[in-house]
Amino acid sequence: MYNALTFNIYKKVMAALAGLKKDKRGLNEYVAVASLLALVAGIAVLAIPNARTTISNLWNNTLSAMSSMFSNIAAGK
């Protein structure tokens, strides 16, 4: 059912989640930073008409970088 790559990805994800679960203060700080970024992005989109495209591009670039980083970790690079 599972191959070695899938199992390694699962193991790394579960280890990262376990580490976050133990570090309550760190998890709260991550949530606070994400909330602040979302609030600033929302205000910028409402206040500056051209900001929507720029912010959308920033989020897309960030998500792409995170996806490639996760793929590299899963591949063992």
Side-chain angles (χ1 to χ4, degrees):
M1 178 170 216
Y2 294 109
N3 59 20
L5 178 61
T6 306
F7 182 72
N8 285 337
I9 293 170
Y10 175 76
K11 189 169 64 171
K12 288 178 182 181
V13 168
M14 294 310 290
L17 290 175
L20 278 177
K21 189 176 179 183
K22 290 178 186 175
D23 185 15
K24 296 291 186 190
R25 184 174 178 188
L27 184 59
N28 289 338
E29 289 176 4
Y30 289 138
V31 171
V33 168
S35 301
L36 183 61
L37 286 174
L39 181 63
V40 168
I43 290 171
V45 166
L46 292 174
I48 306 166
N50 294 334
R52 182 181 182 277
T53 306
T54 303
I55 291 172
S56 176
N57 289 340
L58 286 172
W59 282 114
N60 287 337
N61 291 341
T62 302
L63 292 175
S64 176
M66 289 172 61
S67 176
S68 68
M69 183 177 68
F70 180 74
S71 296
N72 289 339
I73 290 171
K77 293 181 181 177

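This structure is a prediction, so every number in the text was calculated from the model and none was measured. One is the number of the first residue; the rest follow in order along the sequence.
Applying the 4.5 Å side-chain rule to ILVMFWY residues, one finds that Ile48 remains a lone member of its cluster. Applying the 4.5 Å side-chain rule to ILVMFWY residues, one finds Ile43 in the same cluster as Leu39.
Separating the CG atom in Asn72 from the CZ atom in Phe70 is a distance of 11.0 Å, to the nearest 0.5 Å.
Taking the side-chain contact (heavy atoms from CB on, under 4.5 Å) definition, one finds that Ile73 meets it with Lys12, Met69, sequence neighbours left out.
At distances below 3.5 Å, at least one donor-acceptor pair connects side-chain atoms of Ser71 with backbone N or O atoms of Ser67. Checked by atom type and distance alone, the side chain of Thr62 pairs as donor or acceptor with a backbone atom of Leu58 at under 3.5 Å.
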